Amino acid sequence: MVPKGFTALPLPIAQLSLAAVLKCGQSFRWVAYPLVASEEIKAEQPTEAPTHEYRFALKDRVICLRQDSNSLFYRAVFPKDVADACKDPKVAKKKEEETLDWLNDYFQLDVDLISLYTEWAERDVVFRENVKDRFAGIRMLRQDPWENVISFICSSNNHIGRITKMVQSLCTSFSPPICTEPSPEDGEDPSSPQVYHAFPSPKQLAADDVASKLRELGFGYRAEYVQRTAEMLCEEHEDPQAYLLGLRKLSTEDARAELLKLCGVGPKVADCVLLMSMDKKMVVPVDTHVHQIALKYYGLRGTPSGKGGKVPMTPKIYEAVGSKLVETWGDYAGWAHSVLFTADLRSFASYGLPTPTGTPVKQSLPPTPVPPTPSESDSDYFGTSPTKKRKTRASGSPSKLKRVKTE
DNA sequence: ATAATACCCAAT
DNA sequence: TTGGGTATTA
């Protein structure tokens, strides 16, 4: 049944799992509210009722979402002035359409995730046997570039928990409240009226005192990056947000070059932005975590000297990891990477995944020759891929792309 | 043009 | 002590 005040959108859980997608480190702004198990109807049976409500503050409204196995339920909460204007059916209808349009765009619902999972399963045995059926519905969000850039500048050398807290601070400290709304708890508990703030604009984060304020808020050295990036964008562009949005039209390499000009934006952060808000679906951001996954499950060679634990990330290794994963997954490699990344977050490794060490991963529909077990040493990072891989199937590499002298 | 290091904070 | 990195300096 449809929750009161919500509109239902037919959508199988395999196409989108809010629980996985909204909390896996793509966006850091969704707040999850547990819903009390309605009645004793919790009497077994396939999970029917939604277990959580998720909320996200947009410019002029708060989006509320719930879902069960077959539907996505949504509704928007507006500030008083807009709500009043909505008494006019015309306005109300327009606002509702905007919300639906936003949902379709944000979740990229025109992309059939089932087909992608099928393709990845055919190409990758690890995905096929250990991920596909256990981690369904994990898709790439299409986020606002500005928010994405700032959020990921905050992500450097950091973990999801703290990043979430920092982004939250950004909103409550530099952006005025949009509106308030009680927590879901069906029995309208006036207990804790939540206050929602949109993500601050470039101008709001470009003010001089922002950096010091961020320091106090615990941003550490990222404080200056955020303020300077905002400042830089405001100085160079009449409309910073429109400029960033415009980067979607550029090639991956050109857009990356632009992003790398920003303070606190290096190869990894730039790739996150390209993948999550610039439509560059093949880009695979490589952090140490992804590096580990590639080493462990995709036959990527460790460093020649094979130092026990730590392997410093170099541009060369970054490129090698990215290329390897693109070869494995194809043109939606970035999306696939997100599934593996999320699965790994939920520690699928502890479920006894077979590792290449002793279990040669055999690609069945292979653009890639079987990577042999990491046997002997070698000064290369690839598992024998003698086939001319000269073309560097796009993405992945931030290095050697363009000299971008930045006059 | 490839390597070390510092940086701010939190978790182990 | 070690990162879900980047910028700076050697």
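Keep in mind that this is a model prediction, so the values were computed, not measured. Side chains are part of it too, since the values below use all heavy atoms of this structure and drop only hydrogens, waters and symmetry mates. Letters go in sequence order (proteins before strands), and every chain restarts at 1.
Rounded to an integer number of Å, the gap from CD1 of A:I163 to P of C:dT6 is 12 Å. One atom, NZ of A:K268, and another, P of C:dG3, lie 15 Å apart when rounded to the nearest Å. Going from atom CD of A:Q292 over to atom P of C:dG5 covers 11 Å, rounded to whole Å. Between the P atom of C:dA7 and the CE atom of A:M313 lies a distance of 16 Å, rounded to the nearest Å.
The gap from the C1' atom of C:dA7 to that of B:dA10 amounts to 22 Å, rounded to the nearest Å. When the C1' atom is compared between C:dT1 and B:dT5, the two are found 16 Å apart, to the nearest whole Å.
Cation-pi check for A:K281 over A:Y332 is met; the charged atom lies under 6.0 angstrom from the ring centroid and within 45 degrees of its normal. For the pair A:R29 and A:F56, the distance from NZ or CZ to the six-membered ring centre is under 6.0 Å and the angle to the ring normal is within 45 degrees.
Residues that satisfy the side chain to side chain contact (heavy atoms under 4.5 Å, CB included) test with A:D133, not counting sequence neighbours, are absent from this structure. The side chain to side chain contact (heavy atoms under 4.5 Å, CB included) test applied to A:Q108 returns A:D110, A:V111, A:R139, A:M140, A:R142, A:W335, not counting sequence neighbours. Every residue two or more places apart in sequence or in another chain was checked for a ring-ring contact (aromatic ring centres under 6.0 Å, His included) with A:Y33, and none qualifies.
Looking at heavy atoms from C-beta onward, A:Y298 lies in side-chain contact with A:D124 at the 4.5 angstrom threshold.
Comparing A:V265 and A:T288 by the nucleotide of DNA chain C that holds the closest heavy atom to each, the one mapping nearer the 5' end is A:T288.
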Under a 3.5 Å cutoff on both atom distances, Watson-Crick or G-U, what's the dot-bracket for DNA chain B ([ ] crossing, | other strand)? .||||||.|||.
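Nucleic acid contact for A:C263: sugar-phosphate only, since backbone atoms but no base atoms lie under 4.0 Å from a heavy atom of the residue. Among the protein residues, A:L214 comes within range of no part of the nucleic acid, since none of its heavy atoms lies under 4.0 Å from any strand. Residue A:V290 is classed as having no contact, given no heavy-atom separation below 4.0 Å to the nucleic acid.
Under the 30°/60° scheme for interplanar angles, the aromatic rings of A:Y225 and A:Y221 are found to stand perpendicular.
Remark: A:K95 engages A:E98 in a salt bridge, criterion side-chain N to carboxylate O under 4.0 Å.
The six-membered or imidazole ring of A:F28 lies near that of A:F152, with a centre-to-centre distance under 6.0 Å. A distance of 6.0 Å or more separates the ring centres of A:Y74 and A:W102.
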Enumerate all atom pairs, one protein N or O and one N or O from nucleotides 8-10 of chain C, separated by less than 3.5 Å.
none

Please enumerate all protein N or O atoms sitting under 3.5 Å from an N or O of nucleotides 7-11 of chain B, with distances to 0.1 Å.
{"unit_1": "B:dC8", "atom_1": "OP1", "unit_2": "A:R215", "atom_2": "NH1", "d": "2.8"}
{"unit_1": "B:dC8", "atom_1": "OP1", "unit_2": "A:R215", "atom_2": "NH2", "d": "2.9"}
{"unit_1": "B:dC8", "atom_1": "O5'", "unit_2": "A:R215", "atom_2": "NH1", "d": "3.3"}
{"unit_1": "B:dC8", "atom_1": "O4'", "unit_2": "A:Y221", "atom_2": "N", "d": "3.1"}
{"unit_1": "B:dC8", "atom_1": "O2", "unit_2": "A:R162", "atom_2": "NH2", "d": "3.2"}
{"unit_1": "B:dC8", "atom_1": "O2", "unit_2": "A:R222", "atom_2": "NH1", "d": "3.4"}
{"unit_1": "B:dC8", "atom_1": "O2", "unit_2": "A:R222", "atom_2": "NH2", "d": "3.4"}
{"unit_1": "B:dC9", "atom_1": "O4'", "unit_2": "A:R162", "atom_2": "NH1", "d": "3.1"}
{"unit_1": "B:dC9", "atom_1": "O4'", "unit_2": "A:R162", "atom_2": "NH2", "d": "3.2"}

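Distance check: A:F107 CZ to A:L113 CG gives 12.5 Å after rounding to the nearest 0.5 Å.
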